Amino acid sequence: MIASAPLPSASPMRVSRLLLVTLRDDPAEAEIPSHRLLLRAGYIRRVSSGIYAYLPLLWRVLQKIAAIVREEMNAIGALETLLPQLQPAELWRRSGRWAGYTAGEGIMFHLEDRQGREMGLGPTHEEVITDLAADLIRSYRQLPVCLYQIQTKFRDEIRPRFGLMRGREFIMKDAYSFHADEACLRSTYEAMDSAYRRIFERCGLRAVAVEADSGAIGGSASQEFMVTAEAGEDLVLSSPDGRYGANQERAVSLPADPVPLEISECRELSTPGTASIEALCSGHGFDPTQTVKVLLLLARFADGGLQPLLVSLRGDQQLNEVKLANAVATRQPPCGGLLDITPLTAEQVEAEGLKPLPFGFVGPHLEDAVLKGARRWQPRFLRLADPTAVDLQRFVCGANATDSHLAGAAWGELTPAPEAVDLRAAQPGDRCLHDPFQRLEAARGIEVGHIFQLGRKYSEALDARFTTEGGVEEALWMGCYGIGVSRLAQAAVEQHHDGAGIRWPVAIAPFELLIVIASAQDPLQVSLAEQLYERLTAAGVEVLLDDRDERAGVKFKDADLIGIPWRLVVGRGAAEGRVEVVERAVGERRDLEVDAAVADLTAAISRQRSRRPGV
RNA sequence: CGGGAUGUAGCGCAGCUUGGUAGCGCACUUCGUUCGGGACGAAGGGGCCGCAGGUUCGAAUCCUGUCAUCCCGACCA
């Protein structure tokens, strides 16, 4: 797939010739409105789980989005290119991502060619582009440079979902920038940030930029662009004043102040059957902020390493697994990459040949000795704690013996305080760091774009170097920038629809205007509609003509469903030279003289059509 | 992968409990009447009841296996 073919020319586009198949009933497979509507209105068909055919109407939408993306990328000096989808494993081994992307919950489709060479179907293109950069870029004089492509990506998603929202094959714009220094990277990152804002705005989407986790891509700063919608898969936390917004994976906040614990020395507390924080607090009159809960987990690494984790959190806090994974990954770099982290189970402990652990009564002082003799695990815990736990003077925690807790324990006395790392999940209602009088609000969002400052992670791994002005060889600074083009199309539907169907923004609608012939039996209506088709097309409007010999009601229903933003009905007023103009999003109907209708439509549509400012 | 559910005509579904050789609505074809918000009547076409075994005289229906799809969790544009 290459999203670069020109839109069909001004040759008459007739619904009768469009292979338009709309469905009256909702397909059972679709859950969210945008998925249902795209299927019902004849925009997509499912071929396999997470794999869709983009039918002619949607293809026009995708090309319009691609055109806007292209304009904005070109405007900031990015160069369009097209990279291979089939990529050699060797390249991915060099970046250290082959195992992580293919083993375990790996997301890369991979295969062997007839020679037995391993290949992967590109889920992303950092490796290919960096290798090319290494080949092409020799000197600082060639920098900075930014390449992008609009390309089909393949990801063997653990769970494809919601039509185009999370497909296994999808269209993405990805851009990669190369720089001689970090300051230059930052300025391209800023330029991308504003280009992205323009792209989403021009596409008619309400999108917000939020701080994000860099995930498997890696790198330092990263920002996501979220289209706000109920059906969004991500939770965005933001401050009412608009100064802070972050994906919950990444969000930070001020925790509630703990209730002081009025116990001056540590004593044991009999707590039969009290294995949860709630039970402990309600049974013994503690506040959750006075407790420390200990989570035992197991980190699995690409090299086969298994590292037990002992994580301490204040009892009222929730673990943010993304933050934990990042903390673990940076502390155990030589293990070939972190595959996953899962809670430790009693069965696993037994399988290691270890004595049972007092799950539900574990305290932070659990000794490494309990791991002695483990078959495959590292024999010591990686100990991490959230600052909310480390900051407690006295606290209640498990006594490492079933049915027993400690009250009044203190770090130092009990066990040395573990390394403090931010591991807690910020929650809606938490106070904001920048202003404690602001409280975080939650909203759901669809991630349609993500920009990263990668730094030198890939250039170092793939040895992509250039010669500086001073004649020294250095690794390139890199950024990467993605937009889910097909996802964006569906996100637009999610944000712009009503009970009757889609309401495309003009800028990305498959057509700008639909001319409906109320009665295809009436030669007068037909000829007036054909004339209007010619005139409006000549005036530069993208027109679709519904010339089907259907009852008017059927055509109106289909018109609402497929959601073309403007509708011109040639009906019983045709003899008097009057037609009806309807704006889909507003629903208001106006009865106009033909000339007035043409003037009105061309003016309104060109006003709504998104153009680059100044072009 | 773990948990839940579903596979019957292009789409939505019934039939399965209690085995007897498949039905409804929409869509499709033809004819007639209708004709500005998913018309009506008549006549048609379309199904290896997901697939493979088994039980039985006989299986859409019971049993076993398998595949696929969807939903809830970890992943991401």
Side-chain angles (χ1 to χ4, degrees), chain A residues 21-32 35-36 39-40 42 45-51 69 100-101 104-108 123-125 150-175 196 212-217 222 224-227 233-234 247 249 321-322 325 339-343 345 446-452 480-491 500-501 516-522 525 549-561 567 569-574 580 582 587 589 591:
Chain A
V21 179
T22 57
L23 304 174
R24 198 174 286 208
D25 299 311
D26 283 328
E29 69 188 61
E31 284 283 312
I32 63 173
H35 187 195
R36 280 201 294 265
L39 282 166
R40 271 194 62 204
R45 280 292 163 108
R46 191 182 63 78
V47 171
S48 172
S49 176
I51 299 177
V69 168
Y101 268 71
E105 308 233 300
I107 214 167
M108 181 153 59
T124 173
H125 283 75
I150 296 171
Q151 172 67 293
T152 293
K153 302 280 195 215
F154 299 88
R155 289 185 189 168
D156 194 0
E157 291 287 345
I158 301 160
R159 181 147 92 90
R161 234 194 300 217
F162 303 148
L164 306 182
M165 222 52 121
R166 179 173 299 284
R168 297 194 296 166
E169 180 177 328
F170 59 98
I171 301 172
M172 177 173 164
K173 185 281 305 182
D174 50 330
Y196 271 44
D213 182 72
S214 315
I217 307 286
S222 112
E224 286 170 338
F225 292 83
M226 296 287 194
V227 167
E233 295 185 87
D234 290 277
N247 193 311
E249 298 175 347
E321 294 180 25
V322 173
L339 292 181
D340 57 30
I341 295 178
T342 50
T345 64
I446 301 163
E447 184 192 355
V448 290
H450 200 157
I451 59 178
F452 302 79
C480 81
Y481 319 90
I483 289 181
V485 172
S486 44
R487 178 184 281 183
L488 190 156
Q490 187 170 335
V516 176
I517 307 174
S519 170
Q521 311 272 312
D522 180 351
Q525 291 185 23
D549 187 13
E550 288 285 351
R551 297 167 62 85
V554 171
K555 292 192 264 198
F556 292 149
K557 289 285 185 193
D558 274 345
D560 289 342
L561 184 59
R567 187 167 86 210
V569 183
V570 181
R572 30 180 189 237
E580 183 182 278
V582 187
R589 299 181 193 181
D591 197 42

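Just so it is clear, the structure is predicted and the values come from calculations on it, not from any experiment. Letters A, B, ... mirror the listed sequences (proteins, then strands); counts begin at 1.
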Under 3.5 Å, N/O pairs linking protein and nucleotides 6-14 of chain B:
unit_1: B:G12; atom_1: OP1; unit_2: A:Ala28; atom_2: N; d: 2.7

Query raised in the report: Counting any heavy atom closer than 4.0 Å, what does A:Arg36 reach on the DNA or RNA strands: base, sugar-phosphate only, or nothing?
Result: nothing
**Report entry** Short side-chain N/O contact to B:A74 OP1/OP2 from A:Thr342, under 4.0 Å
**Finding:** no
Report summary line: Sequence neighbours excluded, the answer for salt bridge (Lys or Arg N to Asp or Glu O under 4.0 Å) partners of A:Asp25 is none
Query raised in the report: Nearest to the side chain of A:Glu447 - B:A74, B:G38, B:A77?
Result: B:A77
Query raised in the report: More than 12 non-hydrogen atoms from neighbouring residues, nucleotides or ligands closer than 6.0 Å to CD on A:Glu157, yes or no?
Result: yes
Close N/O contacts between protein and nucleotides 30-35 of chain B (under 3.5 Å):
unit_1: B:U34; atom_1: O2; unit_2: A:Arg551; atom_2: NH1; d: 2.6

Query - Pairwise distance OG(A:Ser486) to CE(A:Met165) - rounded to 0.5 angstrom - result: 10.5 Å
Query raised in the report: To the side chain of A:Glu249, which of B:A74, B:A77, B:C76 is closest?
Result: B:C76
**Report entry** N or O in side chain of A:Thr124 less than 4.0 angstrom from B:A77 OP1/OP2
**Finding:** no
Query raised in the report: Counting just side-chain N and O atoms, does A:Arg161 come under 4.0 Å of either OP1 or OP2 of B:A74?
Result: no
Query - Closest to the A:Arg567 side chain, choosing from B:A77, B:C75, B:G37 - result: B:G37
Query raised in the report: Which residue, A:Asp558 or A:Ser486, contacts RNA chain B at a nucleotide closer to its 5' end, judged by nearest heavy atom?
Result: A:Asp558
Query - Under 3.5 Å on both distances, the Watson-Crick or G-U partner of B:C24 - result: B:G12
Requested in this report: Rounded off to whole Å, could you give me the CD-to-C1' distance for the A:Glu157 and B:U69 pair?
Outcome: 17 Å
Query raised in the report: Between A:Arg159 and B:C72, does any side-chain N or O lie under 4.0 Å from OP1 or OP2?
Result: yes
Query raised in the report: Looking for any heavy atom pair under 4.0 Å, which part of the strands does A:Val516 touch: base, sugar-phosphate only, or nothing?
Result: nothing
**Report entry** Counterpart residues, salt bridge (Lys or Arg N to Asp or Glu O under 4.0 Å), relative to A:Asp558 (two or more places apart)
**Finding:** A:Arg548
Query raised in the report: Quick one: side-chain contact (heavy atoms from CB on, under 4.5 Å) partners of A:Ala489, sequence neighbours excluded?
Result: A:Leu58, A:Val61, A:Leu62, A:Ile65
Report task. Just compare B:C76, B:U69, B:G36 and give me whichever is closest to any side-chain atom of A:Arg155. Result -> B:C76
Requested in this report: Name all residues meeting the salt bridge (Lys or Arg N to Asp or Glu O under 4.0 Å) criterion together with A:Arg161; count only those two or more places apart in sequence or in a different chain, and write none if there are none.
Outcome: A:Glu233
**Report entry** Closest-nucleotide 5' rank along RNA chain B - winner of A:Val554 and A:Glu224
**Finding:** A:Val554
Report task. May I ask you to say what A:Gly449 touches in the nucleic acid, namely base, sugar-phosphate or nothing, with a heavy-atom cut-off under 4.0 Å? Result -> sugar-phosphate
Query raised in the report: Is there a salt bridge (Lys or Arg N to Asp or Glu O under 4.0 Å) between A:Arg572 and A:Asp522 once you walk through the steps?
Result: CA-CA 9 Å; A:Arg572 30 180 189 237; A:Asp522 180 351; over 6 Å; no
Report summary line: Residues passing the ring-ring contact (aromatic ring centres under 6.0 Å, His included) test with A:Phe225, sequence neighbours excluded, are A:Tyr196, A:Phe200
Query - Nearest-neighbour nucleotide for the A:Phe162 side chain, B:G36, B:A77, B:C72 considered - result: B:C72
**Report entry** Minimum-distance nucleotide to A:Arg40 side chain [options: B:G38, B:C76, B:C70]
**Finding:** B:G38
Report summary line: With sequence neighbours left out, the residues meeting ring-ring contact (aromatic ring centres under 6.0 Å, His included) with A:His125 are none
Query raised in the report: Hey, does A:Gly167 reach any base, or is it just sugar-phosphate, or nothing, if we go heavy atoms under 4.0 Å?
Result: base
Query raised in the report: Contact class for A:Glu31 vs. all strands (heavy atom < 4.0 Å): base, sugar-phosphate, or nothing?
Result: sugar-phosphate
Query - Those residues that, when tested against A:Glu580, pass salt bridge (Lys or Arg N to Asp or Glu O under 4.0 Å) (two or more places apart) - result: none
